[in-house]
Amino acid sequence: MPPRPPVPLLVASIGNPTPAYRNTLHSAGHHVLAEIRALLRLTDFQPSPALGGGLVTRTAGSRGNVGDDWTLWQSESLMNVSGTGVKKALNAWRQGRGPAPARGGTFSWMGWSREDFKPEGKPKDGELVVVHDELELDLGRVRVRRGGSARGHNGLRSIMTAVGNTPFIRIGIGIGRPASREPNAVAEYVLRRMTPREKKIIEGTADEVIELLRDIAEGKR
């Protein structure tokens, strides 16, 4: 039996919006997704009201060409309320359309038509993959999980509440943790700005994450 074709992926990073929270540890997922965009030489992220108000770019395979079929989506909301935007993006992505066009108009966003969302021969639904910071991992370590609890991560908890029973895959990017587990100490830690060394290590995980995404698309994870 021939291997199944890779499934499309909606790869969503969650964090806090810039400029107020630029380069903070809690937004490690955004940094990794931005580095993936750069490594794959994709177009710049652009605002997309059609996909939950996030910032979006896409691989060539998303437009019916050969290659990875990934939509990269960055949340523009605060971490603790990530779920609303992720749910809207997921629903629009799976339906292959955003809001209905104006009377007599043609649906289009970022220059792509409605037909671009559903290339022939591609599975319709695909997988939602959430890229996020992970306190319980050492700096620069990466872990993939399918299902499970939020383990105190408010962004993941918000997504789980919003999407209900919809399964999704999580890729955690290790940021380490402070010695104290007091809530105030943890909040101060995740909201502080990365050092140049930390930023380099976190963004350096992008190659590993790309390989994990390909494994996910091929059903190996």
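Model, not experiment: these values are computed from the prediction.
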Novice: Are Y189 and Y21 in one and the same hydrophobic cluster, where Ile, Leu, Val, Met, Phe, Trp and Tyr link if side-chain heavy atoms are under 4.5 Å apart?
Specialist: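 Per the 4.5 Å side-chain linkage, Y189 and Y21 are co-clustered.
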Novice: How close do L55 and F45 get, heavy atom to heavy atom, and via which atoms?
Specialist: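 Heavy atoms of L55 and F45 come nearest at O-CD2, 3.5 Å.
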Novice: For V86 and L128, what are the C-alpha separation, side-chain angles and deciding distance, and is it a side-chain contact (heavy atoms from CB on, under 4.5 Å)?
Specialist: CA-CA 9 Å; V86 171; L128 169 63; 4.1 Å; yes
Novice: To the nearest 0.5 Å, what is the distance between CD1 (I202) and CG (D133)?
Specialist: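 CG of D133 is found 8.5 Å from CD1 of I202.
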Novice: What class does the angle between the rings of H132 and H153 fall in, given that below 30° is parallel, 30 to 60° is tilted and above 60° is perpendicular?
Specialist: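 Rings of H132 and H153: perpendicular, over 60°.
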Novice: Can any side-chain N or O of Q74 pair as donor or acceptor with the backbone N or O of H30 at less than 3.5 Å?
Specialist: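 Yes, Q74 side chain to H30 backbone: donor-acceptor pair under 3.5 Å.
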Novice: How long is the span from the CH2 atom in W73 to the CG atom in L90, to the nearest 0.5 Å?
Specialist: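 W73 atom CH2 to L90 atom CG measures 10.0 Å (nearest 0.5 Å).
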Novice: Please answer: with hydrophobic residues joined when any side-chain heavy atoms are less than 4.5 Å apart, are I201 and L137 in the same cluster?
Specialist: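 Shared cluster, no.
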Novice: In terms of side-chain geometry, is the basic nitrogen of E198 or R192 positioned less than 4.0 Å from the acidic oxygen of its partner?
Specialist: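 Answer for the salt bridge query: yes.
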Novice: Of all the heavy-atom pairs spanning G140 and T205, show the shortest one and how long it is.
Specialist: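 Heavy atoms of G140 and T205 come nearest at O-CG2, 3.3 Å.
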Novice: So which atom in A162 and which in K87 form the shortest heavy-atom distance, rounded to 0.1 Å?
Specialist: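 A162 and K87 have their closest heavy atoms at O-CD, 3.2 Å.
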Novice: Between R143 (side chain) and I173 (backbone), is there a donor-acceptor pair under 3.5 Å?
Specialist: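 Not at all, since once roles are kept as given, no pair shorter than 3.5 Å links the two residues.
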Novice: Once rounded to the nearest 0.5 Å, what's the spacing between atom CG of D44 and atom CD of Q46?
Specialist: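 If I round to the nearest 0.5 Å, the distance is 6.5 Å.
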Novice: Would you call E136 and R181 a salt bridge, using N to O less than 4.0 angstrom?
Specialist: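 Looking at R181 together with E136, the answer is yes, because their closest N to O distance falls below 4.0 Å.
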Novice: Give the intermediate values and the outcome of side-chain contact (heavy atoms from CB on, under 4.5 Å) for residues L213 and I36.
Specialist: CA-CA 11 Å; L213 291 172; I36 290 172; 4.3 Å; yes
Novice: Hey, could you give me the CG/CZ distance between L156 and R145, rounded to the nearest 0.5 Å?
Specialist: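 Reported value, rounded in 0.5 Å steps: 9.5 Å.
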Novice: Check step by step if side-chain contact (heavy atoms from CB on, under 4.5 Å) holds for E134 and V142.
Specialist: CA-CA 9 Å; E134 179 56 73; V142 177; over 6 Å; no
Novice: Is T57 reaching over with its side chain to a backbone N or O of T43, donor-acceptor style, under 3.5 angstrom?
Specialist: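 Checking the backbone N and O of T43 against the side chain of T57, a donor-acceptor pair under 3.5 Å is found.
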Novice: Would the distance check show the side chain of T59 and the main-chain N or O of D68 forming a donor-acceptor pair, the cut-off being under 3.5 Å?
Specialist: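 Between the backbone of D68 and the side chain of T59 there is a qualifying donor-acceptor contact (under 3.5 Å).
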Novice: Hey, what do you get for NZ (K200) to OG1 (T195), rounding to the nearest 0.5 Å?
Specialist: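 Rounded to the nearest 0.5 Å, the NZ-OG1 separation comes out at 11.5 Å.
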Novice: Kindly indicate whether the side chain of L9, heavy atoms from C-beta on, has any atom under 4.5 Å from the side chain of V11.
Specialist: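 Side chain of L9 against side chain of V11, heavy atoms only: contact under 4.5 Å found.
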Novice: Under the criterion side-chain contact (heavy atoms from CB on, under 4.5 Å), I'd like the reasoning laid out for L191 against N16: C-alpha separation, chi angles, the key distance, then a yes or no.
Specialist: CA-CA 9 Å; L191 294 177; N16 283 313; 3.6 Å; yes
Novice: For the salt bridge (charged side-chain N to carboxylate O under 4.0 Å, His left out) test, which of R146, R221, R214, R170 pairs with E127?
Specialist: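 For E127, the salt bridge (charged side-chain N to carboxylate O under 4.0 Å, His left out) check succeeds only for R146.
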Novice: With side chains defined as the heavy atoms from C-beta onward, is the minimum distance between M79 and V190 less than 4.5 Å?
Specialist: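 No, too far: nothing below the 4.5 Å cut-off.
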Novice: Quick one: closest heavy-atom pair of F168 and V130, and the distance?
Specialist: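 Shortest heavy-atom contact: CD1-CG2, 3.7 Å.
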Novice: For a quick test of reading the model, state the closest non-hydrogen atom pair linking W70 to I210 and the distance between them.
Specialist: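 That closest heavy-atom pairing would be CH2-O, 3.7 Å.
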Novice: Side chains of T166 and R94, heavy atoms from C-beta outward: is any pair under 4.5 Å?
Specialist: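 Side chain of T166 against side chain of R94, heavy atoms only: contact under 4.5 Å found.
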Novice: Rounded to the nearest 0.5 Å, what separates atom CG in L33 from atom CD1 in I14?
Specialist: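 It is 11.5 Å, given to the nearest 0.5 Å.
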Novice: Do you see a donor-acceptor pair shorter than 3.5 Å between the side chains of S82 and S158?
Specialist: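 There is no such pair between these side chains.
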Novice: For the residue pair A206 and E35, what are the closest heavy atoms and their distance?
Specialist: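 Heavy atoms only, the tightest pair is CB-CG, 3.5 Å.
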